[in-house]
Amino acid sequence: MRCSTMRWLARNWWGWLLAVVATPVSAQEWRTDFSRHIVPLDEIVSGGPPRDGIPPIDRPRFVSVADANRWLGAREPVAVVRVSARTRIYPIQILMWHEIVNDVVAGQPIAVTFCPLCNTTIAFDRRLAGDTVLDFGTTGRLRHSDLVMYDRLTETWWQQASGEGLVGALAGRRLRMIPAPVLAWRDARDAYPDAEVLSRATGAARPYGQNPYVRYDSERAPLAGFFRRQPDGRLPAMERVVVVAHGSGGVAVPFTALRDRRLAQWTREGERIVVFWAPGAASALDTRDIAQGADVGAGVAYRPIVADRALTFCSHRDGTFRDRETDSRWSITGQARDGPLAGRSLEPVVHGNHFWFAWSVFQPDTEVLQLPDASC
C-alpha cells in the first residue's frame with residue numbers, strides 16, 4: 001500500500017474499515033435465499049459494521065425550514081423529494097450517519113438513500129406490484145464500494161446504486177427510482193419555504209454536521225479498499241458527474257466541464273434533457289465540518305418541457321439560465337423567476353451527482369458528453 005494511502009488511513013478514524021479482510025457471506029444471520037443470486041457472491045464484501053450497524057431511520061420526524069435553518073449551513077447539500085404538492089428535504093449531514101430513510105410522502109412509501117463511499121444519493125419507490133411495500137436496512141456489506149441494502153420482508157439484498165435485487169427471493173427485480181435532486185440548502189430553502197425538513201431527532205446519538213470521511217473525495221485512497229475493479233479511465237475516478245440513464249447506458253456530464261459551461265442539454269432515445277449547474281454547494285466529504293466543505297456545486301437534470309412546449313436553454317453571465325423561446329429566466333431549482341413563464345417549473349428527471357468510478361462500474365456503456373458553449 002502506498003505511503004500516501006497509509007497517511008490517509010491514519011488520520012481518519014473510520015479508515016480501519018478499508019483494512020478489513022473481506023468476510024464470506026454467512027447464511028446464519030439471514031433468512032435470505034442465497035441460492036438465488038445474479039452476481040458472484042464473492043463480489044459482496046464486509047464493510048466493517050454489522051447488519052444495521054449503520055441504523056436506518058424508520059420513523060422520520062420533520063421540522064420547518066425556519067427551524068432547520070438554525071443548524072444547516074447555507075452551502076450544505078440536501079436532497080429534495082417532491083411527491084404531488086408536498087416537498088421534503090433530507091440533509092446529507094443526517095443521511096451520512098444513517099444511509100437509509102424509510103418514509104411516506106403524500107401517501108407514497110419511499111426510501112431516501114445515501115452511500116458516502118460513492119456519493120450516491122438515490123430515492124426509491126418502496127412499492128412493488130400489488131400491495132407489497134418494502135422497508136430497508138443496511139447489510140453492512142458493499143459491492144464495488146457501494147451500499148448493499150436489504151428489505152425486511154424477504155431479506156433480499158439490493159444494490160443501492162442501481163436499485164437491483166442481487167441476492168434472494170427478489171433477485172433480478174428493480175426498484176423504481178424517483179427524482180431526488182441534491183442542492184445547496186440556501187437554494188432549497190428559498191425555492192421551497194413550506195417544505196418539511198428531516199429532523200435531527202432520530203433517536204440515535206450522532207454528531208450531525210460532522211463528516212467522518214475527512215478528505216475522502218480529494219484523494220485516491222478510497223480506491224485502495226473496497227473498489228477492486230480498474231476504474232474507467234475516461235474520467236478521473238473521483239470526478240463528480242451528473243448522470244442520467246438511457247436504455248442500457250446513460251449520459252455523464254463532468255462537473256469540471258459544467259463549472260465553465262454551467263449548462264448541458266441533449267436528446268437520447270427520444271428523451272430531451274437539460275442540466276443546470278451552479279456553484280455554492282459544499283462537498284459533504286471534504287472537511288470535518290460539512291458546512292465548511294469545498295464548493296463543488298450542484299447539477300440538476302430536468303425535462304425541458306413546459307405545457308407541451310419544448311424549450312432550449314442558454315446560461316447567462318448572471319448565473320441564471322434563459323430559455324431561447326421566451327427569454328424567461330430560470331434558477332438552478334428549475335423555477336422560472338421572471339419572463340413570460342414566471343411561476344412555471346421544470347420537472348426533474350431521475351439523475352445523480354455521483355463519483356465517476358461508482359457510476360461507470362454499473363453503467364459501463366455510458367457516454368461522456370462533450371459540452372459546446374451554451375452562453376447567452
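A donor-acceptor pair under 3.5 Å links the side-chain atoms of D286 to the main chain of A294, judged by distance alone. Judged by distance alone, with hydrogens and angles left aside, the side-chain atoms of T139 form a donor-acceptor pair with the main-chain N or O of V148 at under 3.5 Å. A donor-acceptor pair under 3.5 Å is formed between the side chain of S315 and the backbone N or O of R261. The backbone N or O of P109 lies less than 3.5 Å from no partner atom in the side chain of D103, so there is not a single donor-acceptor pair. In this structure, the side chain of N211 engages the main chain of T287 through a donor-acceptor pair within 3.5 Å. Between the side chain of N353 and the backbone N or O of V242, no donor-acceptor pair lies under 3.5 Å.
Remark: the Y208 side chain and the T202 side chain contain an N/O donor-acceptor pair separated by less than 3.5 Å. Neither side chain, H316 nor W330, offers a donor N or O lying under 3.5 Å from an acceptor on the other. Residues S375 and R262 bring no donor and acceptor atom of their side chains to less than 3.5 Å of each other. A side-chain donor from one of T113 and Q160 sits under 3.5 Å from a side-chain acceptor of the other. Using modelled atom types, one finds a donor on one side chain and an acceptor on the other under 3.5 Å when comparing R200 with Q93.
Note: the hydrophobic cluster containing V243 does not contain F255 (ILVMFWY, side chain heavy atoms under 4.5 Å, direct or indirect links).
The aromatic ring centres of Y150 and W30 sit less than 6.0 Å apart. Taking the six-membered ring for Trp and the full ring otherwise, the centers of F321 and F276 sit less than 6.0 Å from each other. Here F357 and F227 bring their ring centres to under 6.0 angstrom of each other.
With contacts defined as side-chain heavy-atom distances shorter than 4.5 Å, the pair T312/Q265 qualifies. The side-chain heavy atoms of D52 and P56, taken from C-beta on, include a pair separated by under 4.5 Å. A 4.5 Å side-chain heavy-atom check between V300 and T333 finds every atom pair outside the cut-off.
Atoms CG and CZ, from L142 and F226 in turn, are 5.5 Å apart once rounded to the nearest 0.5 Å.
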